Amino acid sequence: MKAVIQRVKSASVTVDGELISKIGRGLLVLAGIGRDDTEKDIDTMINRILKARLFPADNNGQWKKNVQDVDGEVLCVSQFTLFGQLKKGKQPDFHEAASADTARKLYDYFYKRLGDTYKPERVKNGVFQAMMDVELINDGPVGVDYRSEDAAVTIEIDTQLPKREKSAENKDSSDKKTQTMEFKLPAELLE
């Protein structure tokens with residue numbers, strides 16, 4: 001599962017000119033379901049979203065509080081395009097995204113579990129597979145020093161990160177390991 005989370009002052013979803021959901025201070029979560037994702041990935045993502053320290057403390061210490069600590073709201077928006085890739089050509093490839101049926105089932109699980117884990121009344125939703133207009137006001141100006149309490153926050157989370165390869169230096173040294181074996185030769189062979 002992939003998600004892009006943004007710390008916002010407010011965010012809303014409109015479909016066909018009708019306001020569907022709106023939140024105040026909190027997180028906008030663009031959530032994409034991959035073809036290999038499971039409920040375990042969803043649970044991992046929920047934990048990361050709710051525990052991520054993206055808000056300043058009262059004493060201006062940045063990165064001290066999570067959305068639960070500030071009693072913030074969460075707006076979830078399904079976003080299969082997070083799995084789009086432009087490896088070849090000009091058109092994106094979405095082969096890594098889950099099928100619509102699988103994505104709907106897992107996204108619905110994500111939305112329900114997020115509300116159950118936090119507070120259902122603080123978690124809002126967009127409309128799955130709809131053409132949504134998403135508006136947001138970032139919490140902080142873009143381009144400010146990241147250590148500043150006013151920095152806009154946009155974080156990508158991926159539950160299926162590729163495994164790190166050994167560095168060339170470590171790989172070379174591991175290939176050169178030697179083994180020592182000890183054995184006794186009969187005395188007549190030594191004469």
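All values derive from a computational prediction rather than experimental measurement.
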- Query: According to the side-chain hydrogen bond (donor to acceptor under 3.5 Å, both in side chains) rule, which pairs have a member within residues 114-128, sequence neighbours left out?
  - Reply: D71-K119, Y107-N125, K112-D116
- Note on the structure: Applied to residues 72-81, the side-chain hydrogen bond (donor to acceptor under 3.5 Å, both in side chains) test, sequence neighbours excluded, yields Q79-T81
Distance-only donor-acceptor pairs under 3.5 Å for side chains of residues 99-106, two or more places apart:
residue, atom, partner, partner atom, Å
S99, OG, T102, N, 3.4
S99, OG, T102, OG1, 3.1
R104, NH2, Q129, OE1, 3.2

- Message: Side-chain heavy atoms under 4.5 Å apart, restricted to Ile/Leu/Val/Met/Phe/Trp/Tyr: what other residues fall into the cluster of F94, or is it alone?
- Response: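 Answer for F94: F80.
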- Message: Which residues end up grouped with V4 if you chain together Ile, Leu, Val, Met, Phe, Trp and Tyr wherever their side-chain heavy atoms are less than 4.5 Å apart?
- Response: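 V4 shares its hydrophobic cluster with V8, V13, V15, I20, I23, L28, L30, L75, V77, L82, V127, M132, V134, L136.
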- Message: Is there a side chain to side chain contact (heavy atoms under 4.5 Å, CB included) between F110 and I49? Walk through the geometry before answering.
- Response: CA-CA 11 Å; F110 166 72; I49 290 168; 4.0 Å; yes
Using the test side-chain contact (heavy atoms from CB on, under 4.5 Å), find all partners of [X] that sit at least two apart in sequence or belong to another chain.
X: D69; value: K65, N66
X: I155; value: I5, L54, V153, I157
X: T14; value: L19, D133

- Query: How long is the gap from CH2 on W63 to CZ on F55, to the nearest 0.5 Å?
  - Reply: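 Interatomic distance, W63 CH2 to F55 CZ, rounded to 0.5 Å: 10.0 Å.
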- Note on the structure: In this structure, CZ of R25 is separated from OG of S10 (nearest 0.5 Å) by 12.5 Å
- Item | For K2, all residues meeting salt bridge (charged side-chain N to carboxylate O under 4.0 Å, His left out), sequence neighbours excluded |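 Result, salt bridge (charged side-chain N to carboxylate O under 4.0 Å, His left out) vs K2: none returned.
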- Query: Taking Y111 for the side chain and V123 for the main chain, is one N or O donor matched with an acceptor at less than 3.5 Å?
  - Reply: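 The answer is yes, because a donor-acceptor pair under 3.5 Å joins these two groups.
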- Please report the C-alpha distance between T154 and Q6 in whole Å, then the side-chain angles of each, then the deciding distance to 0.1 Å, and finally whether the side-chain hydrogen bond (donor to acceptor under 3.5 Å, both in side chains) criterion is met. CA-CA 4 Å; T154 301; Q6 293 182 291; 3.2 Å; yes
Side-chain donor/acceptor pairs under 3.5 Å, residues 36-43, sequence neighbours excluded:
residue, atom, partner, partner atom, Å
D37, OD1, M1, N, 2.6
D37, OD2, M1, N, 2.7
D37, OD2, G34, N, 2.5
T38, OG1, K40, N, 3.3
T38, OG1, D41, N, 3.4
T38, OG1, D41, OD2, 3.2
D41, OD1, T159, OG1, 3.4
D41, OD1, Q160, NE2, 2.7
D41, OD2, T38, N, 2.9
D41, OD2, Q160, NE2, 3.1
D43, OD1, Y109, OH, 3.0
D43, OD1, R113, NE, 3.4
D43, OD2, Y109, OH, 3.2

- For the residue pair R7 and L27, what are the closest heavy atoms and their distance?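 Shortest heavy-atom separation between R7 and L27 comes out as CA-CD2, 3.9 Å.
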- Is Q85 atom CD crowded by more than 12 heavy atoms from other residues, nucleotides or ligands, each under 6.0 Å away?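 More than 12 within 6.0 Å, yes.
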- Task: May I have all residue pairs that pass salt bridge (Lys or Arg N to Asp or Glu O under 4.0 Å) and include part of residues 85-96, sequence neighbours excluded?
- Result: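 Passing the test, one end in residues 85-96: R35-E96.
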